[in-house]
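Encoded as structure tokens, the structure appears first; notes follow it.
For reference, positions follow the sequence shown, starting with 1. Both backbone and side-chain heavy atoms feed into the values below; hydrogens, waters and symmetry mates do not.
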Amino acid sequence: MFTADRSEQRKYLAHAWGKHNSNQTLDPLELQLVKIIEKHPEYQNIINDLDTEYFPEQGRTNPFLHINLHLTLQDQLSLNQPKGIKQIYSNLLKKYNDAHQVEHIMMEHIAEMIFNSQKYNKPMDLEYYLRSLKELN
């Protein structure tokens, strides 16, 4: 799963979902991904469509990107990296009282950070990312 190859990432997600649907034993990462997919019934029937392109101008969410943003945020929270992210999450959870909604709110900021990093060919600005999240409290 830890690869920059988009095709391999998509295959891994589809494979994990397939194993789940076949009641096969999942490794911890596969289980984490399956739990994310379960929260998104709108993606469950298209997770095996590995070749479809998703462009912002189409107005459709890229399910693979969306699932990976959930995974990224969950990893950040488990490590508290960047430092302080767990407290921000906790504060937002108190405000919204819906863990999935809070993940979506925070993921928008991750996506913005990644977009800006790629657009301007600069490292990801974690300080700006944390500041923008703190402003949500």
Side-chain angles (χ1 to χ4, degrees):
M1 179 63 184
F2 299 103
T3 175
D5 185 303
R6 183 186 78 160
S7 177
E8 290 302 313
Q9 288 179 350
R10 287 182 173 200
K11 285 178 189 175
Y12 190 88
L13 285 169
H15 181 71
W17 186 242
K19 282 177 67 174
H20 166 72
N21 288 328
S22 301
N23 295 316
Q24 296 179 37
T25 303
L26 302 170
D27 68 35
L29 179 56
E30 291 170 334
L31 181 60
Q32 187 178 4
L33 290 168
V34 162
K35 286 181 180 182
I36 295 167
I37 295 168
E38 286 179 326
K39 292 180 183 177
H40 292 281
E42 68 274 22
Y43 300 153
Q44 293 172 8
N45 290 329
I46 60 174
I47 204 74
N48 290 314
D49 183 2
L50 305 179
D51 297 321
T52 298
E53 297 291 340
Y54 298 90
F55 298 106
E57 52 273 3
Q58 293 174 320
R60 297 185 321 177
T61 300
N62 180 333
F64 301 100
L65 174 61
H66 188 87
I67 292 165
N68 279 302
L69 287 172
H70 271 289
L71 185 64
T72 298
L73 178 61
Q74 290 173 9
D75 287 347
Q76 287 179 345
L77 293 171
S78 72
L79 300 168
N80 195 31
Q81 288 297 324
K83 189 172 171 67
I85 195 81
K86 282 177 87 169
Q87 185 60 52
I88 292 168
Y89 174 82
S90 178
N91 293 343
L92 289 171
L93 190 55
K94 289 175 189 170
K95 182 177 180 178
Y96 292 98
N97 201 32
D98 182 332
H100 196 222
Q101 179 184 11
V102 169
E103 282 192 27
H104 281 188
I105 291 167
M106 294 177 76
M107 286 164 42
E108 288 179 25
H109 292 264
I110 295 172
E112 178 185 9
M113 177 180 61
I114 293 169
F115 174 80
N116 286 330
S117 173
Q118 291 175 341
K119 181 178 180 180
Y120 299 110
N121 197 26
K122 292 184 175 184
M124 289 189 225
D125 189 343
L126 295 175
E127 290 180 22
Y128 175 78
Y129 167 59
L130 286 174
R131 273 195 319 275
S132 70
L133 289 173
K134 287 177 183 175
E135 290 173 5
L136 298 172
N137 290 324

Point to revise | CA sep, side-chain torsions, deciding dist, call: Val34, Glu38, side chain to side chain contact (heavy atoms under 4.5 Å, CB included) | key: CA-CA 6 Å; Val34 162; Glu38 286 179 326; 4.0 Å; yes
Starting from [Y], can I reach [X] by hopping between I/L/V/M/F/W/Y residues whose side chains sit under 4.5 Å apart?
| X | Y | result |
| --- | --- | --- |
| Ile46 | Leu65 | no |
| Tyr54 | Ile36 | yes |
| Ile67 | Leu31 | yes |
| Leu136 | Leu69 | yes |
| Ile47 | Leu26 | yes |

Closest approach of [X] to [Y] (non-hydrogen atoms, all atoms of both residues):
| X | Y | answer |
| --- | --- | --- |
| Tyr129 | Met106 | CE1-O, 4.3 Å |
| Asn137 | Asn91 | OD1-CB, 3.3 Å |
| Leu50 | Ala14 | CD2-CB, 3.8 Å |
| Ile37 | Gln44 | O-NE2, 3.1 Å |
| Leu92 | Val102 | O-CG2, 3.6 Å |

With rounding to the nearest 0.5 Å, note down the distance linking [atom1] in [X] to [atom2] in [Y].
| X | Y | atom1 | atom2 | value |
| --- | --- | --- | --- | --- |
| Leu93 | Ile88 | CG | CD1 | 13.5 Å |
| Leu133 | Glu135 | CG | CD | 9.0 Å |
| Met107 | Gln76 | CE | CD | 11.0 Å |
| Asp125 | Ile114 | CG | CD1 | 13.0 Å |
| Leu130 | Gln87 | CG | CD | 12.0 Å |
| Leu73 | Ile105 | CG | CD1 | 11.0 Å |

Review point. Would Thr61 and Glu42 satisfy side chain to side chain contact (heavy atoms under 4.5 Å, CB included), going step by step from the backbone distance to the final call?
Key: CA-CA 10 Å; Thr61 300; Glu42 68 274 22; over 6 Å; no
Test of understanding: with side-chain hydrogen bond (donor to acceptor under 3.5 Å, both in side chains), list the residues that count as partners of [X], not counting sequence neighbours.
| X | answer |
| --- | --- |
| Asn116 | none |
| Ser132 | His109 |
| Thr52 | Asp49 |

Check your understanding: For residues 66-99, which residue pairs qualify under ring-ring contact (aromatic ring centres under 6.0 Å, His included), counting only residues two or more places apart or in two chains?
Key -> His40-His66, His40-His70, Tyr43-His66, His66-His70, His66-His104, His70-His100, His70-His104
**Study point:** Salt bridge present between Arg6 and Glu53 (N-O < 4.0 angstrom)
**Key:** yes
Check your understanding: Checking side chain to side chain contact (heavy atoms under 4.5 Å, CB included) for the pair Lys134/Arg131: CA distance, chi angles, key distance, verdict?
Key -> CA-CA 5 Å; Lys134 287 177 183 175; Arg131 273 195 319 275; 5.7 Å; no
Using a 3.5 Å cut-off and no angle test, enumerate the donor-acceptor pairs between side-chain atoms of residues 79-86 and protein atoms at least two apart in sequence or in another chain.
| from | atom 1 | to | atom 2 | distance (Å) |
| --- | --- | --- | --- | --- |
| Asn80 | OD1 | Gly84 | N | 3.2 |
| Asn80 | OD1 | Ile85 | N | 3.2 |
| Asn80 | OD1 | Lys86 | N | 3.0 |

Exercise for review: Could you note down all residue pairs passing side chain to side chain donor-acceptor pair (under 3.5 Å) where residues 23-36 supplies at least one of them, sequence neighbours left out?
Suggested key: Tyr12-Asp27, Lys19-Glu30, Gln32-Gln74
Point to revise | Backbone of Met113 reached by a side-chain donor or acceptor of Ser117 within 3.5 Å | key: no
